[in-house]
Amino acid sequence: MANQTDSNADPARAGIIRITLPDGSVRELPRGSRIIDVAKSIGPGLAKVTVGGRVDGNPEILDLRTPLESDCRLELVTADKPDGLAVIRHSASHIMADAICRLWPEVKLSIGPSTDQGFYYDIDLEHRLTDDDLRRIEEEMAKIIAEDTPFERCTIERDASLDRFAKDGEVYKVELIEGIPEDEELTVFRHGGGAFEDLCRGPHVPSTGYVKAFKLLNVAGAYWRGDETRPMLQRVYGTAFWKKKDLDSWLHRREEAQRRDHRRLGKELDLFTFHPWAPASPFFLPKGATIYNLLVDTMREKYRRFGYQEVITPQIFDVELWKRSGHWDKYKDNMYFTQVDKAEYGVKPMNCPSHTLIFAARLHSYRDLPVRMADFGRLHRYERSGVTAGLTRVRTFCQDDAHIFCREDQIADEISGVIKLLKEVYDDFRFPELLVFLSTRPEMSIGSDEIWEKAESALRDALETNGIEYTVNPGDGAFYGPKIDFVVKDALEREWQLGTVQLDFVMPERFGLEYDDQAGGKSRPVMIHRAILGSIERFMGILIEHFGGVFPVWMSPIQVRVITISDAHKPYAEKVLKELQTAGFRVDSDFSKDRMGGKIRIAETQKIPYTLVVGEKEASESTVAVRARGRKNLGSMSLEDFMDRMRSEVMDKK
RNA sequence: GCCAGAGUAGCUCAAUGGUAGAGCACAGCUUUCGUAAAGCUGGGGUUGCGGGUUCGAUUCCCGCCUCUGGCUCCA
């Protein structure tokens with residue numbers, strides 16, 4: 001198994017091997033000891049949670065029962081860590097497949113891997129599985145787990161297994177085997193004393209009893225091999241954890257995510273609505289429009305400081321523009337078209353081509369560069385029905401879009417500037433964690449190898465100059481150039497791709513862009529496409545979920561509500577309201593005849609940051625009683641003091 | 001686009017092959033109240049749209065639209 005380096009010269013020690021653990025400690029065990037024996041030698045507690053091991057830094061997780069034949073480095077994989085969880089979940093998917101086979105013997109199995117969140121199995125079954133069926137499958141799984149039979153790994157002979165799977169009608173397994181190289185060893189895993197067997201590389205937990213906490217979640221359609229021309233299978237999703245407690249907290253977090261769903265909060269808080277006559281196109285209500293405009297205002301304020309200039313461009317262009325830019329070839333099926341004066345026009349799905357027209361409309365000196373052109377233009381993209389969702393995937397939206405036209409020697413500085421701006425923005429919206437990805441040339445792309453090479457290395461340089469850690473996503477670039485993507489983590493630790501910086505040598509060439517260079521000749525500028533929030537609509541959806549609708553004061557559609565205790569205090573309350581309005585706060589009032597407790601309750605459900613209560617005492621003392629969102633009565637203070645407090649909170653973007 | 005599920009009052013949800021119901025919200029009246037729900041009364045529905053079966057359809061069947069969970073896609 002492991003390397004044969006020092007061949008135990010001492011004959012007395014010939015039966016002993018040295019196992020080096022990740023902390024550097026060394027354990028000596030008899031040759032042929034299994035991975036589980038190493039864990040046992042350290043402690044019974046560890047042995048219980050160990051589900052596999054990695055030898056000599058090899059990423060493959062080996063089964064617990066793998067014997068160690070020589071000195072090696074060993075990393076134990078435990079069930080409470082992501083790696084070990086994957087083993088448990090993979091085993092859970094086998095158990096689920098077994099349960100389904102017991103209930104519907106005619107089922108054909110395809111694949112059943114573990115995922116970040118759990119596991120699934122894609123099956124071909126005439127009967128459409130319902131939620132009740134899931135409960136039945138769970139019961140059957142519980143039986144298999146209670147039986148606690150070992151998972152056994154067996155090597156199988158290729159032709160014989162092909163024959164057998166073919167005979168059983170397991171067409172998907174046959175196709176899988178045919179796809180495995182001839183020289184590769186084929187293995188199956190069995191449990192239930194051989195009653196269930198599945199083609200599988202492993203590893204698995206030692207026995208079915210290891211799967212202690214699991215739940216089946218839902219059924220969905222999935223194409224065989226992810227190919228929309230192939231049959232649609234039923235994908236059964238589930239999840240599994242080492243401990244019941246972990247499963248419960250995962251389920252709880254899932255419920256929390258559902259409670260924070262922006263579609264639900266958008267309705268509850270009157271932020272936006274939809275109508276069947278404009279599918280996948282949000283209508284922002286006054287409160288939602290307030291937030292939307294705040295997002296745009298935030299970017300505009302930064303643009304002033306970072307040297308961007310905003311432009312306003314047409315909505316509809318002659319298709320010639322889209323043919324020139326390359327969008328027509330690649331994206332015409334996703335664009336909206338209209339016929340005007342016998343010419344065909346396309347509604348813009350992007351701003352960049354029109355920005356090249358602006359750039360080309362006048363001469364540029366090398367001294368003028370960079371030109372940073374920002375645009376909040378409305379974009380339309382036809383998205384296939386079935387892919388749209390709430391605000392996160394819509395057919396009409398606006399980006400905090402900008403294009404930087406610069407010289408090649410300015411690329412690094414410009415990208416650094418974008419990164420600085422981007423960090424400032426994410427900080428304002430309280431996304432502390434930032435992940436960075438570099439995406440390289442995709443299969444469908446335009447431009448020469450040389451240009452792509454140049455662009456990719458420019459981005460790499462910019463990241464390295466800024467000391468930014470990043471991961472490479474091969475083949476994930478835009479069709480006109482490589483890009484850097486920025487991903488944030490929200491309050492529920494979910495990852496969202498927001499910002500993007502794309503380097504483009506192709507568009508300037510297609511539109512013949514040039515500037516007068518220092519040598520007195522013409523040079524071609526580079527175009528940097530960049531967005532920080534991405535789509536305003538999508539960003540708003542993410543923000544709603546990030547804050548769970550509890551927006552910081554500076555973003556709240558209504559910042560303050562004034563409520564009266566009884567009608568007698570209305571004149572004073574009107575005065576307070578007026579002063580707040582004059583000072584520029586977003587304020588409203590509830591002077592209805594409800595009781596104070598009722599009005600406070602309403603203000604709380606609407607998640608308004610501050611409620612000012614005015615009654616007898618406040619009117620006579622010229623104060624306001626301040627209640628902060630979330631059961632906090634801050635007591636009375638003068639209106640001036642309250643407004644100062646608000647001003648500083650807004651200033652600090654609290 | 002594909003597979004599956006859903007659509008009933010402004011919202012959340014009941015119910016039935018034979019006049020469609022609750023809570024909240026809304027309106028009116030009473031109550032003028034000190035930090036998360038006062039009381040009474042009332043209005044409100046072509047049960048998503050269109051067609052079919054039926055004496056009768058919101059319920060059963062067919063088509064369409066929209067939404068939801070996934071798959072594929074995402075400049």
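Naming convention: chains lettered A, B, ... in sequence-line order (proteins, then strands); numbering from 1 in each chain. Just the heavy atoms: all of them, side chains too, but no hydrogens, waters or symmetry mates, feed the values below.
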**Item:** Euclidean distance, A/His403 NE2 relative to A/Ile358 CD1, rounded to 0.5 Å
**Value:** 11.0 Å

**Prompt:** Base, sugar-phosphate, or nothing for A/Ala280, non-hydrogen atoms under 4.0 angstrom?
**Reply:** sugar-phosphate

**Request:** In whole angstrom, give me the gap between the P atoms of B/U35 and B/U16.
**Result:** 45 Å

**Asked** For B/A6, what is the paired nucleotide under Watson-Crick or G-U wobble rules, both distances under 3.5 Å?
**Response** B/U66

**Prompt:** Under 4.0 angstrom, heavy atoms only, what part of the nucleic acid is A/Asn633 near: base, sugar-phosphate, or nothing?
**Reply:** base

**Request:** Name the nucleic acid region contacted by A/Asn334, choosing base, sugar-phosphate or nothing; use a 4.0 angstrom heavy-atom cut-off, strictly under.
**Result:** base

**Asked** Within the structure shown, what part of the strands sits under 4.0 Å from A/Lys330 by heavy-atom distance: base, sugar-phosphate, or nothing?
**Response** nothing

**Item:** Trace of the side-chain contact (heavy atoms from CB on, under 4.5 Å) decision for A/Leu492 with A/Glu545
**Value:** CA-CA 9 Å; A/Leu492 297 180; A/Glu545 300 193 6; over 6 Å; no

**Closest non-hydrogen atom pair, A/Arg395 against A/Ser281** = CB-OG, 4.3 Å

**Item:** Same-atom distance (P) from B/G42 to B/G5, integer angstrom
**Value:** 42 Å

**Request:** Kindly say if A/Tyr382 contacts the phosphate of B/A75, meaning a side-chain N or O under 4.0 Å from OP1 or OP2.
**Result:** no

**Prompt:** What integer number of Å spans the P atoms of B/C2 and B/C64?
**Reply:** 9 Å

**Prompt:** Side chains of A/His327 and A/Met350: does their closest heavy-atom pair fall under 4.5 Å?
**Reply:** yes

**Request:** State, without any angle test, whether A/Asp124 and A/Tyr172 hold a side-chain donor-acceptor pair at a distance under 3.5 Å.
**Result:** yes

**Request:** Quote, to the nearest angstrom, the P distance that separates B/A4 from B/U46.
**Result:** 31 Å

**Asked** Contact class for A/Glu618 vs. all strands (heavy atom < 4.0 Å): base, sugar-phosphate, or nothing?
**Response** base

**Request:** Check if the side chain of A/Arg393 and the base of B/C73 share a donor-acceptor pair of N or O atoms closer than 3.5 Å.
**Result:** yes

**Item:** Identified pairing partner of B/U35, criterion: Watson-Crick or G-U wobble below 3.5 Å
**Value:** none

**Request:** With heavy atoms under 4.0 Å as the rule, sort A/Phe274 into base, sugar-phosphate or nothing.
**Result:** nothing

**Prompt:** Taking a pair as Watson-Crick or G-U wobble with both distances under 3.5 Å, which nucleotide is matched to B/G56?
**Reply:** none

**Request:** Check whether more than 12 heavy atoms from other residues, nucleotides or ligands sit under 6.0 Å from atom CZ of A/Arg510, and answer yes or no.
**Result:** yes

**Asked** With a non-hydrogen cut-off below 4.0 angstrom, is A/Ala568 in contact with a base, only sugar-phosphate, or nothing?
**Response** nothing

**Message:** What contact category does A/Gly597 fall into here, base, sugar-phosphate, or nothing, at under 4.0 angstrom with non-hydrogen atoms?
**Reply:** sugar-phosphate

**Prompt:** Which part of the nucleic acid does A/Arg263 contact within heavy-atom distance under 4.0 Å: base, sugar-phosphate only, or nothing?
**Reply:** sugar-phosphate

**Fill in**
Mate of B/C40 across any strand shown (Watson-Crick or G-U wobble, both atom pairs under 3.5 Å) is B/G28

**Request:** Send over the distance from A/Lys323 NZ to B/A75 P, rounded to a whole Å.
**Result:** 23 Å

**Message:** By the 4.0 Å heavy-atom rule, please label A/Gln502 as base, sugar-phosphate, or nothing.
**Reply:** sugar-phosphate

**Touch class at under 4.0 angstrom, heavy-atom based, for A/Arg235 against every strand present** = sugar-phosphate

**Request:** Report yes if at least one side-chain N or O of A/Lys593 is closer than 4.0 Å to OP1 or OP2 of B/A38; otherwise report no.
**Result:** no

**Prompt:** Under a 4.5 Å cut-off applied to non-hydrogen side-chain atoms, are A/Arg136 and A/Asp132 in contact?
**Reply:** no

**Message:** Using a heavy-atom cut-off of 4.0 Å across all strands, would you classify A/Lys632 as base, sugar-phosphate, or nothing?
**Reply:** nothing

**Asked** Which residue, A/Gly390 or A/His380, contacts RNA chain B at a nucleotide closer to its 5' end, judged by nearest heavy atom?
**Response** A/Gly390

**Message:** Roughly how many Å apart are B/G23 and B/A57, using the C1' atom of each and rounding to a whole number?
**Reply:** 28 Å

**Ring-on-base stacking B/A75 with A/Tyr331 (under 5.5 Å, under 30°)** = yes

**Message:** Return the pairing partner of B/U46 with a 3.5 Å limit on both distances, Watson-Crick or G-U wobble; otherwise return none.
**Reply:** none

**Request:** Could you work out the separation of B/G10 and B/G44 based on their C1' atoms and round it to a whole Å?
**Result:** 10 Å

**Request:** Specify the residue among A/Met232 and A/Glu604 whose closest nucleotide of RNA chain B lies further upstream toward the 5′ end.
**Result:** A/Met232

**Prompt:** Just checking A/Pro279: base, sugar-phosphate only, or nothing, at a heavy-atom cut-off of under 4.0 Å?
**Reply:** sugar-phosphate

**Request:** Output the single nucleotide from B/A75, B/G70, B/A37 whose closest atom is nearest the side chain of A/Arg601.
**Result:** B/A37

**Message:** Under 4.0 Å, counting only non-hydrogen atoms across every strand here, what does A/Gly615 touch: a base, just sugar-phosphate, or nothing?
**Reply:** base

**Asked** Any side-chain heavy atom of A/Phe283 sitting closer than 4.5 Å to one from A/Phe272?
**Response** no

**Item:** Whole angstrom value for the distance that separates C1' of B/U31 from CD1 of A/Ile565
**Value:** 16 Å

**Request:** For nucleotides B/C65 and B/C29, find the distance between their C1' atoms and express it as a whole number of Å.
**Result:** 44 Å

**Message:** Whether A/Arg128 contacts B/G5 is assessed here as follows: a side-chain N or O lying under 4.0 Å from the phosphate OP1 or OP2. Is that the case?
**Reply:** no

